[in-house]
Amino acid sequence: MANVIIHNLEVRLHVEGDDGAVFTKLFNRHIQAWSRLYEDECARVRHAESERRIGDGEDR
């Protein structure tokens with residue numbers, strides 16, 4: 001998995017109603033989805049590493 005470093009990020013939203021509430025709702029939804037994908041990828045990497053160690057005589 002490649003690492004990505006964001007040095008500068010600007011977000012502008014144009015919504016009707018309470019901008020802060022809309023942003024918070026959308027941000028939370030998308031950050032949670034990203035977090036689940038990230039955790040799944042980390043678990044796959046850990047599993048692959050443990051599978052590679054099987055032939056090395058190490059315990060799982």
Exercise. What pairs of residues pass the salt bridge (Lys or Arg N to Asp or Glu O under 4.0 Å) test when at least one of them lies in residues 22-42, not counting sequence neighbours?
Worked result: Glu41-Arg44

Exercise. Can any side-chain N or O of Ser35 pair as donor or acceptor with the backbone N or O of Ile31 at less than 3.5 Å?
Worked result: no

Seminar exercise, completed: Residue pairs meeting salt bridge (Lys or Arg N to Asp or Glu O under 4.0 Å), one or both in residues 5-14, sequence neighbours left out, come to Glu10-Arg12

Seminar exercise, completed: By side chain to side chain contact (heavy atoms under 4.5 Å, CB included), Val11 pairs with (sequence neighbours left out) Leu9, Leu13, Phe23

For this session: Report whether Phe27 and Ile6 are members of the same hydrophobic cluster (ILVMFWY, side-chain heavy atoms less than 4.5 Å apart, transitive linking).
Result: yes

